[in-house]
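Below is one structure; the comments refer to it alone.
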Amino acid sequence: MLQQKVILILMINRFFAAFLVVLFFGLTSFVVAQDNDNEYYEAFLSAADNSSLASRLQQAGVQVTGNYDSFLVVRVNNNLSPAALAAIDGVNHVTLAQPLVTCSDSCRYYSRADLVHQGEGFEMPYTGNGVIVGVIDCGFDFNHINLCDDKGETRVKAVYLPLDYAGTAPVVNGLTLPGSCYETPAAIRQLTTDDASTTHGTMTAGIAAGAYRDNGWYGMAPDADIVVCGMPEGELNDVRVANSIAYIADYAKRAGKPCVINISLGTNRGPHDGSSFLTRVFNRVSGPGCVIVVSAGNDGDDPVCLHRTVNGADDTVTALLSGYRHSKYYSGTVSAWSQADIAVGSRLIVVDVKSGDVVYTSMNTLENNGQPIEISSSIDGEFSSYFKGTVKLNCTLEADGRYSNDCELDGQTTSTDYALGLQYNAKAATQLTVWTSQYAFFDRHGFSWADRATAAGSISDLAT
């Protein structure tokens, strides 16, 4: 077996009081070969009649990987653009896969795990025996000591890797999923990790079902079988999570056991009202025999949400930002949603935080006929005086009939004297909600003319 170094530490859970935490290092550097899918993109399709649409999608070279009545999950060759996909007869709307980020934090003490294992207050002890714990994440060591039994054999019964094509493609409900699954002890012993750059998946799986007891700390369900779905951290997205949920639920059904699926991932993008596609997958799959657990409140203490009514065309909402930990670095997405079918426009501004002067203003997306705007220091000389990198603005009519407005940030200001900001407007009055994260968080910089953010509404879209 690979030599491994394990440190188990106690941490406080801010979003689901369910598990023990395990922090470790020493993963081998060999990584399971995975495809980054540069030739494909993934999406959800809204459709009125999935049955008649399937043949037309197949003729267009579109692979259907999930069927949820009013919408489909698909994998599409880049030769077919999203616009061309949306033009196929029967396709009502195309929503491209959205990225997710890792979230995990927990504590045995506050979850009273020991009392549950001892059966105190119950008719019997509960340790996960007879249950499958599924974990969708990144950075798994599939044969880690904390995921093994007392004989040193891994308790991981199945692995699904959406971007690996060295194994057998899983078939769920008659549909072939992208990637490979491994369901024998011999095959799983040959696996190392899906992502050597992070240990988040092994930590989370250990929290949920770790069984290493020599130091007295172990997971919530140390006697459960484990099924993991892993991919590199930079390749996490909602479509792949939807496919992973389908795989785990199908494996549990084949094994004749109930399952709990843990998803310590989240996003501040989305409508935050339960209408996003992944939350609809949760609703469709969960029920008797299948419980889905998601991280919810990593941003619960932080002002990452701005609520404001736009009072017509002459009103402007101004959201000033700071970079990661008050540095010059800005990354991630600022996501704004209208509460009505009213298009919201946005423009980027740069503010001198010493004087309060707006020193740069971009075009507004409404002025660009709703088309995306890319602002890059490599082609905009004025912008390059204040920021090195790229900012993208995009206004989209979503599947639920509401408008979203995303700002993608990647770069740094030339000085801490400058801060980025966003200004929103609409053609008519509408309620606007804007979400961001610690990678580019709201900061008024002491200016009363900037709108104030709050922690109210900071829950992840996946938990709504």
Side-chain angles (χ1 to χ4, degrees), residues 268-269 303-324 326-338 343-396 403-427 430 432-454:
N268 278 342
R269 300 175 77 166
V304 297
C305 190
L306 190 155
H307 307 269
R308 177 99 126 67
T309 298
V310 182
N311 296 306
D314 296 329
D315 192 17
T316 299
V317 175
T318 301
L320 296 186
L321 305 170
S322 274
Y324 179 62
H326 297 280
S327 71
K328 298 187 295 182
Y329 298 93
Y330 291 74
S331 66
T333 302
V334 181
S335 181
W337 282 72
S338 168
V344 174
S346 66
R347 62 173 171 250
L348 179 75
I349 61 173
V350 179
V351 176
D352 185 322
V353 296
K354 289 186 174 179
S355 66
D357 294 334
V358 176
V359 295
Y360 176 89
T361 304
S362 77
M363 177 186 289
N364 190 295
T365 52
L366 289 183
E367 299 168 356
N368 200 39
N369 297 318
Q371 297 301 306
I373 295 175
E374 181 171 320
I375 310 156
S376 173
S377 58
S378 62
I379 58 176
D380 188 329
E382 182 185 3
F383 184 55
S384 68
S385 300
Y386 310 109
F387 190 82
K388 301 298 183 184
T390 303
V391 178
K392 298 178 181 179
L393 304 175
N394 189 23
C395 181
T396 305
Y403 279 88
S404 71
N405 202 304
D406 284 345
C407 171
E408 298 180 14
L409 303 158
D410 184 17
Q412 61 178 310
T413 54
T414 57
S415 167
T416 53
D417 291 344
Y418 302 122
L420 300 186
L422 292 161
Q423 291 186 328
Y424 300 94
N425 67 315
K427 294 181 177 180
T430 183
L432 185 68
T433 307
V434 189
W435 287 272
T436 187
S437 69
Q438 68 270 28
Y439 301 107
F441 61 92
F442 294 121
D443 186 342
R444 300 175 78 196
H445 297 282
F447 302 123
S448 59
W449 47 267
D451 285 289
R452 184 185 301 275
T454 175

Is there side-chain contact between [X] and [Y], with at least one heavy-atom pair below 4.5 Å?
X	Y	answer
C407	V391	yes
S331	Y439	yes
R452	R444	yes
V350	T413	no
L420	L409	yes
S335	W337	yes

Note to self: The criterion is side-chain hydrogen bond (donor to acceptor under 3.5 Å, both in side chains); which residues satisfy it with Y360, sequence neighbours excluded?
What the structure shows: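 Y360 satisfies side-chain hydrogen bond (donor to acceptor under 3.5 Å, both in side chains) with D380 only.
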
Notebook entry, point to check: Got a sec, which residues hit side-chain hydrogen bond (donor to acceptor under 3.5 Å, both in side chains) with T309, two or more places apart in sequence or on another chain?
Noted result: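 Residues passing side-chain hydrogen bond (donor to acceptor under 3.5 Å, both in side chains) with T309: Q431.
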
Among residues at least two apart in sequence or on other chains, which ones pass side-chain contact (heavy atoms from CB on, under 4.5 Å) with [X]?
X	value
A426	V310, I342, V344, T430
D451	L306, R308, V317, T318
T390	E374, S376, K392
T416	K328

What distance do [X] atom [atom1] and [Y] atom [atom2] have between them, rounded to the nearest 0.5 Å?
X	Y	atom1	atom2	answer
N268	T333	CG	OG1	9.5 Å
I349	Y418	CD1	OH	14.5 Å
L348	I373	CG	CD1	10.0 Å
Q423	S362	CD	OG	9.0 Å

Once ring pair (Phe, Tyr, Trp, His ring centres under 6.0 Å) is applied, do any residues pair with [X], and if so which ones, sequence neighbours excluded?
X	value
Y330	none
Y403	none
Y329	none

Check: Taking the six-membered ring for Trp, are W449 and F447 parallel (under 30°), tilted (30 to 60°) or perpendicular (over 60°)?
Finding: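 Because their plane-to-plane angle is under 30°, the rings of W449 and F447 count as parallel.
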
Using a 3.5 Å distance criterion without hydrogens, assess whether the side chain of [X] forms a donor-acceptor pair with backbone atoms of [Y].
X	Y	value
S322	H326	no
E367	N364	yes
H445	V351	no
T414	F387	no

Do you know which two heavy atoms are closest between [X] and [Y], and how far apart they sit?
X	Y	result
W435	C305	NE1-SG, 3.4 Å
S346	N425	N-OD1, 4.4 Å
F442	P303	CD1-O, 3.5 Å
G345	L366	CA-CG, 3.4 Å
L393	R347	CD1-CA, 3.9 Å

Contacts of [X] that satisfy salt bridge (Lys or Arg N to Asp or Glu O under 4.0 Å) - sequence neighbours left out:
X	answer
D443	none
D410	none
D417	K354

Notebook entry, point to check: Any side-chain donor-acceptor pair under 3.5 Å between N405 and N394?
Noted result: no

Next item on the list: Could you give me the CA-CA distance, side-chain angles and deciding distance for V434 and V334, then say whether side chain to side chain contact (heavy atoms under 4.5 Å, CB included) is met?
Entry: CA-CA 7 Å; V434 189; V334 181; 3.5 Å; yes

Check: Is the number of heavy atoms from other residues, nucleotides or ligands under 6.0 Å of D357 CG greater than 12?
Finding: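 Correct, the count exceeds 12.
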
